[in-house]
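Only one structure is covered here, and it is reproduced in the block below.
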2 protein chains.
Amino acid sequence: MVYTISEENYVKAIFHLTENGKSASTNQLAEALKAKPASITDMLKKLELKNLLHYEKYYGVTLTDNGKQLALSIIRKHRLWEYFLVNKLNINWTEVHEIAEQLEHVKSHLLIEQLDKYLGYPDFDPHGDPIPDSKGNIKEQEKTRLTLAAKNTELEICSVNSRNADFLEMLEMKKLQIGTCISIIKQYSFDKSLDVKLNKKTVNISEQLAKNIYVKIKG
Amino acid sequence: MVYTISEENYVKAIFHLTENGKSASTNQLAEALKAKPASITDMLKKLELKNLLHYEKYYGVTLTDNGKQLALSIIRKHRLWEYFLVNKLNINWTEVHEIAEQLEHVKSHLLIEQLDKYLGYPDFDPHGDPIPDSKGNIKEQEKTRLTLAAKNTELEICSVNSRNADFLEMLEMKKLQIGTCISIIKQYSFDKSLDVKLNKKTVNISEQLAKNIYVKIKG
DNA sequence: CCATATTTTTAGGTTAGCCTAAATTTTATT
DNA sequence: AATAAAATTTAGGCTAACCTAAAAATATGG
């Protein structure tokens with residue numbers, strides 16, 4: 001079965017909105033896909049007929065196994081292309097998301113398998129998100145929100161959960177990258193910002209920034 | 001200005017059909033784009049309004065400078081991607097055309113400039129066709145149809161003008177590749193086939209095959 | 001140069017994916 | 001539990017890009 005770009009975007013959006021275990025609502029999808037709620041309802045009916053999702057009128061939507069497999073294959077393509085753009089073409093990680101949004105819809109099984117091989121079967125994309133393998137399996141890593149991590153412990157930044165260019169640019173400026181090691185030395189109660197040690201220097205991280213950064217304990 | 005995939009395909013098709021200096025006809029375009037003549041007429045009217053082409057009812061169509069620039073940028077992307085697919089991902093040249101047909105529509109100036117740099121600014125794609133530079137300039141190479149080339153002269157295969165998989169597969173079998181050196185030792189009047197010397201062996205090339213092969217004199 | 005064949009255009013229709021406005025259902029509040 | 005607010009669906013429309021059938025223009029050949 002071959003799907004349109006629009007259909008693929010719906011399935012991908014539903015996948016992300018239901019990662020928390022809950023079903024996705026029409027309004028959430030409208031927001032994510034930048035379309036009006038009425039358009040979402042239309043499309044959900046169509047995608048249900050194609051056996052990509054379970055849709056219960058007024059109560060939200062979840063993916064079928066079919067839909068999940070499709071979503072994973074799109075996410076796989078997206079993340080492999082991001083890895084390529086950053087690590088081979090030297091494009092800044094602030095810019096790769098948008099380009100990968102287009103590349104993820106290119107249809108060729110051979111292409112993506114050869115790309116994966118060429119890149120050395122990477123496990124994580126430049127934002128630290130896991131890349132599903134060709135069967136749709138994901139290596140999840142244990143990670144904690146930086147806001148909830150322990151003080152005075154060696155931490156490694158392992159992923160970020162926003163693709164916003166202003167956010168990523170700020171990380172660049174502060175030298176906070178995937179793989180960077182830090183430890184929290186002070187948590188301020190007033191504005192919930194953090195002082196962290198980074199290469200012998202101290203950097204302040206606002207709550208807003210910290211909420212989008214995930215870390216794992218080093219070792 | 002940003003164009004749809006369909007619009008880009010029209011402009012590309014017109015570019016190729018008018019490379020001989022003549023204007024392109026509705027029927028030719030219908031054939032090239034696998035659409036009905038009536039649909040072509042519709043679209044030509046639209047593209048004329050967008051200043052991509054000159055369309056004279058009943059008498060055919062040519063590109064404006066605007067349209068030519070767009071065509072060249074698409075061809076540039078197509079050929080750079082083909083080069084990438086063959087030389088980096090090791091995908092067989094019989095398969096890359098179709099994949100590049102999709103990749104050529106990905107929109108990102110940065111992407112294509114970085115790709116070009118990464119590939120080392122190649123001048124020719126895997127089929128021997130020239131890759132336009134970022135300004136749309138093409139390095140044309142002097143080439144002769146193998147059917148018209150001189151006998152007993154060292155020749156180098158420099159391009160092929162079909163993307164048909166059966167054709168390319170046949171070249172593979174006969175070890176006829178871009179860069180391969182041959183010389184014609186016999187031209188048969190009966191079926192117009194050729195015997196050529198290739199690495200001390202003699203290979204017979206049918207007229208049909210030879211018509212799609214271009215060579216230049218070695219040196 | 002007229003009749004026929006071919007090419008092209010026009011007219012009217014379809015589907016996908018979106019929209020707005022209005023109606024309906026669910027959820028929240030008192 | 002009644003009503004107000006919010007979310008969702010329905011109904012009816014639009015545009016892009018295709019289609020078929022019929023009409024019109026151009027090309028061909030005796």
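These numbers come from the heavy atoms of this one structure, side chains and all, not from hydrogens, waters or symmetry mates. In what follows, chains carry the letters A, B, and so on, assigned in the order in which the sequence lines appear, proteins first and then strands, with residues in each chain numbered from 1.
Rounding to whole angstrom units, CG of residue Leu33(A) and C1' of dC18(C) are separated by 12 Å. Computed from coordinates, the Glu7(A) CD to dA16(C) P distance equals 9 Å when rounded to whole Å. We find that CD of Glu31(B) is positioned 14 Å from C1' of dT7(C), with the value rounded to whole Å. In this structure, OH of Tyr58(A) is placed 19 Å from P of dA5(D), rounded to the nearest angstrom. Taking atom CG on Asn9(B) and atom P on dC18(D), their separation rounds to 9 Å, with Å as the unit. In this entry the distance linking CD of Glu48(B) with P of dT9(C) reads 11 Å, nearest Å. In this structure, Glu56(A) places its CD atom 10 Å from P of dT26(C), rounding to the nearest Å. Between Leu29(B) atom CG and dT9(C) atom P the separation is 10 Å, expressed in whole Å.
Residue contacts shown for Ala35(B) are limited to sugar-phosphate atoms, with no base heavy atom under 4.0 Å away.
Between Thr41(B) and dT9(C) there is a side-chain N or O to OP1 or OP2 distance below 4.0 Å. Applying the 4.0 Å criterion to OP1 and OP2 of dC18(C), one finds that Ser6(A) has a side-chain N or O inside that range. For the pair Asn27(A) and dT8(D), the criterion of a side-chain N or O lying under 4.0 Å from OP1 or OP2 is met. Remark: Lys45(B) is not in phosphate contact with dT9(C), judged by side-chain N or O atoms under 4.0 Å from OP1 or OP2. Taking side-chain N and O atoms only, Lys57(A) has no distance below 4.0 Å to OP1 or OP2 of dT24(C). Between Tyr55(B) and dT8(C), a side-chain N or O to OP1/OP2 separation shorter than 4.0 Å is absent. Regarding contacts with the backbone of dT7(C), every side-chain N or O of Thr26(B) stays at 4.0 angstrom or more from both OP1 and OP2. Distances shown here put a side-chain N or O of Tyr10(B) below 4.0 Å from the OP1 or OP2 atom of dC18(D).
With dT9(C), dC18(C), dC19(D) as the choices, the nucleotide that has an atom nearest any side-chain atom of Pro37(B) turns out to be dT9(C). Out of dA21(D), dT26(C), dT26(D), the shortest distance to the side chain of Tyr59(A) is found at dT26(C). Comparing dC18(C), dT20(C), dT10(C) by their closest approach to the side chain of Ala38(A) singles out dT20(C).
In this model, a donor atom of one side chain and an acceptor atom of the other lie less than 3.5 Å apart for Ser193(A) and Asn204(A). Using modelled atom types, one finds a donor on one side chain and an acceptor on the other under 3.5 Å when comparing Asn92(A) with Glu172(A).
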Table please: side-chain donor-acceptor pairs of residues 48-55 of chain A below 3.5 Å, with sequence neighbours left out.
residue: Glu48(A); atom: OE2; partner: Tyr55(A); partner atom: N; Å: 3.0
residue: Lys50(A); atom: NZ; partner: Glu7(A); partner atom: OE2; Å: 2.7

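For the salt bridge (Lys or Arg N to Asp or Glu O under 4.0 Å) with Asp129(B), the qualifying choice from Arg76(B), Arg163(B), Lys139(B) is Arg163(B), the only one to do so.
Here ring pair (Phe, Tyr, Trp, His ring centres under 6.0 Å) pairs that include residues 92-150 of chain B, with residues two or more places apart or in two chains, are His78(B)-His97(B), Trp93(B)-His127(B).
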